[in-house]
Amino acid sequence: MPKRIPSRMPNAMLVVGGVFTAFAVGLVLIARQLYWHEHRPATGLTIVIAFAWAVAAMVVSMILVSLTSGRGRRAGRVRRGRVTVELQQPDSPRRTTRLAGPGVEMTGSADIRIGSRLPALFLFAAAAGLAAFVIWFHLQGQSSWIGTGVSLVLASYVGNWARNAWPRPDAPEPKDPSP
């Protein structure tokens with residue numbers, strides 16, 4: 001019988017959210033530097049602003065999911081035994097290195113049940129806001145056609161995240177394919 005794995009979701013959300021937040025802050029600082037030093041119309045500035053916007057939207061939607069969603073299904077499995085690894089040297093087909101010893105195989109999964117439409121609605125608003133900002137920025141002569149195009153494609157990706165974050169009706173849970 002598999003052992004019960006303690007819940008690690010809050011810790012994982014904090015680590016992943018912290019890394020994404022640091023990345024978003026770094027992108028904002030890069031965008032600030034580019035704003036003061038890049039000639040107009042700019043390509044890189046618009047793209048960096050769009051990526052900072054998208055990462056910040058992802059962080060906020062992660063917070064909204066963790067606050068509004070219920071617990072889902074979690075599964076984990078551990079197998080222990082003897083492991084043999086055999087490596088063949090690329091320069092000689094006959095030379096191989098063999099390592100053998102104790103080993104562990106671990107698998108795990110966690111599904112989060114999305115119970116609120118709030119994260120999806122926020123991502124839709126973030127995608128629309130990003131598209132509107134990029135178009136306005138281009139009309140002001142601040143962005144090149146390439147920067148505008150890449151940023152609008154990124155806005156469509158954020159809209160796709162919103163579509164994927166929309167809660168689905170409850171479906172029967174899939175069976176665990178463990179052997």
Which residues pass the ring pair (Phe, Tyr, Trp, His ring centres under 6.0 Å) test with F137, not counting sequence neighbours?
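Per chain and number, F137 pairs via ring pair (Phe, Tyr, Trp, His ring centres under 6.0 Å) with F133.
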
Heavy-atom count around [X] [atom1] within 6.0 Å, excluding the residue itself: above 12?
X	atom1	value
R40	CZ	yes
I146	CD1	no
F122	CZ	yes

Do [X] and [Y] share a hydrophobic cluster (ILVMFWY, side-chain heavy atoms under 4.5 Å, transitive)?
X	Y	value
W166	L118	no
V25	V16	no
V59	L29	no
W161	F51	yes
V19	V28	no

Which heavy-atom pair separates [X] from [Y] by the least distance, and what is that distance?
X	Y	result
T43	S144	OG1-OG, 2.5 Å
R82	A100	NH2-CB, 3.4 Å
V55	F20	CG1-O, 3.3 Å
P119	L64	CG-CB, 3.8 Å
A57	A126	CB-CB, 3.7 Å

For F124, does the six-membered ring have the charged nitrogen or CZ of R117 within the cation-pi criterion, i.e. under 6.0 angstrom from the centroid and within 45° of the normal?
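Cation-pi check for R117 and F124: fails.
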
Passing option when L34 is tested against I47, I49, L45 for side-chain contact (heavy atoms from CB on, under 4.5 Å):
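The option that passes is L45.
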
Would you check, one step at a time, whether the test side-chain contact (heavy atoms from CB on, under 4.5 Å) holds for V158 with W53?
CA-CA 10 Å; V158 174; W53 191 303; over 6 Å; no

Roughly how far, to the nearest 0.5 Å, is CE of M58 from OG1 of T21?
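Going from the OG1 atom of T21 to the CE atom of M58 covers 10.0 Å.
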
For S143, is there any backbone N or O sitting under 3.5 Å from a side-chain donor or acceptor partner on H138?
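Checking the backbone N and O of S143 against the side chain of H138, a donor-acceptor pair under 3.5 Å is found.
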
Are side-chain N/O atoms of Q33 and H37 paired as donor and acceptor at under 3.5 Å?
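Yes - a donor-acceptor pair under 3.5 Å links their side chains.
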
Solution key, residues 149-156 side-chain donor-acceptor pairs under 3.5 Å, sequence neighbours excluded:
| from | atom 1 | to | atom 2 | distance (Å) |
| --- | --- | --- | --- | --- |
| S151 | OG | T46 | O | 3.2 |
| S151 | OG | G147 | O | 2.8 |
| S156 | OG | V153 | O | 2.6 |

